[in-house]
Amino acid sequence: MPELPEVETVRRGLEPAMTGRRILRAEVRRDGLRWPFPARMKERLEGARIESLRRRSKYILGDLSTGETLIVHLGMSGRVLVSGAPAGGFVHARAVAQKHDHVILHMEPAPGDPQPGHGGRVAFNDARRFGTMDLWPTAQLENHRLLARLGPEPLGNRFDENWLAGRLAGRRTPIKAALLDQRIVAGLGNIYVCEALHRAGISPRRAAGRISRRRISHLVGAIRAVLREAIDAGGSSLRDHRRTNGELGYFQHQFRVYGREGEACKTPGCKGRIRRLVQSGRSSFHCAQCQR
DNA sequence: GCTGTAACCTGTCGGC
DNA sequence: TGCCGACAGGTTACAG
């Protein structure tokens with residue numbers, strides 16, 4: 001499922017239910033997801049207050065009052081649904097555990113909650129179990145094996161034309177594969193790489209090291225634009241992504257190439273049709289007329 | 001070091 | 001209707 005815009009949408013949805021509140025009870029319903037959960041995860045979560053909720057790449061980071069950070073990755077099919085007390089606008093009808101609800105956090109109610117004694121219920125659901133959860137000392141977070149090698153945030157100051165040109169120089173791998181490499185830029189996935197390359201007019205097959213500075217500059221702008229628009233739309237819902245209140249994102253209606261094989265290219269003046277090709281086992285959607 | 005592929009696991013969809 | 005294969009938004013490990 002989730003690329004950067006979907007994860008950011010989930011993080012924003014979790015804030016009213018979690019930030020500043022204690023975890024009263026943690027239901028850990030299996031031993032792990034992609035990897036085993038950390039030892040005594042239930043005990044380490046219960047009683048901890050969530051001081052802040054951040055996002056790094058596709059990871060949600062919950063800084064706890066205990067000095068540890070809860071690291072959550074939603075994998076391909078993960079979702080987080082909030083139900084319970086309706087304060088802050090998070091209402092979802094589900095109040096009992098569903099299939100694939102692997103971890104459920106029962107949160108402390110806020111003072112203004114209209115149902116005293118009933119805080120939010122936060123359920124981490126992941127059918128394919130490619131997601132992960134871990135606990136790690138907040139002060140050493142940059143050393144965590146999943147976070148240590150991540151490249152810059154695409155919406156941050158460190159990611160610019162100079163950085164990208166430097167990382168692509170000399171590479172013969174297709175630009176599509178290079179942009180999926182989280183060490184080069186952190187947070188992009190298959191959908192938004194396809195969309196950004198189309199906006200920049202660059203073929204997904206072009207060798208990464210053979211793109212001019214001028215086109216790299218356009219690509220940086222295209223990546224930022226498509227991510228910002230997707231966040232504003234609440235992400236893209238194809239199969240699994242849901243906001244924390246169960247609603248769908250709607251950026252999929254604005255796709256220019258992804259999933260549009262055989263349809264007309266949306267670039268003004270272009271008469272091409274969208275093609276699908278497989279690169280590294282994954283679908284790339286592009287227009288051969290206006291992407292070179 | 002770089003590159004491509006297999007593997008992880010489950011649900012959905014299309015074809016027969 | 002039921003079965004089967006292909007495919008799906010991510011990431012790591014491994015072989016070449």
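Proteins come first, then strands; the chains are lettered A, B, ... in the order of their sequence lines, and each starts at number 1.
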[X] side-chain N/O to [N] phosphate OP1/OP2 under 4.0 Å:
{"X": "A:Thr173", "N": "B:dG4", "value": "yes"}
{"X": "A:His100", "N": "B:dC9", "value": "no"}
{"X": "A:Gln182", "N": "C:dT11", "value": "yes"}
{"X": "A:Arg282", "N": "C:dG10", "value": "yes"}

Interatomic distance, A:Arg34 CZ vs B:dA7 C1' [rounded to whole Å]: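 Going from CZ in A:Arg34 over to C1' in B:dA7 covers 8 Å.
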Whether A:Arg224 side chain and A:Gly156 backbone form a donor-acceptor pair below 3.5 Å: yes
Donor-acceptor pair, side chain of A:Thr244 and main chain of A:Val10, under 3.5 angstrom: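 Answer holds: no.
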Selection from C:dA8, B:dG11, C:dT11 that lies nearest to any side-chain heavy atom of A:Arg128: C:dA8
Side chain of A:Arg129 - closest among B:dC9, C:dT12, C:dC7: B:dC9
Cluster overlap A:Ile71 with A:Val28, hydrophobic side-chain contacts below 4.5 Å: no
ring centroid sep under 5.5 Å plus plane angle under 30, A:Phe130 with B:dC9: no
Sugar-phosphate only, base, or nothing, as touched by A:Arg183 at under 4.0 Å among non-hydrogen atoms: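 The answer is nothing, as A:Arg183 stays clear of every strand by at least 4.0 Å.
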Cationic N near anionic O, under 4.0 Å, A:Glu8 to A:Arg11: yes
Side chains of A:Lys99 and A:Asn125, donor plus acceptor under 3.5 Å: no
Residues A:Arg34 and A:Thr132: side-chain donor-acceptor under 3.5 angstrom: no
Canonical and wobble pairing (Watson-Crick, G-U, under 3.5 Å) of DNA chain B, dot-bracket with |: .|||||||.|||||||
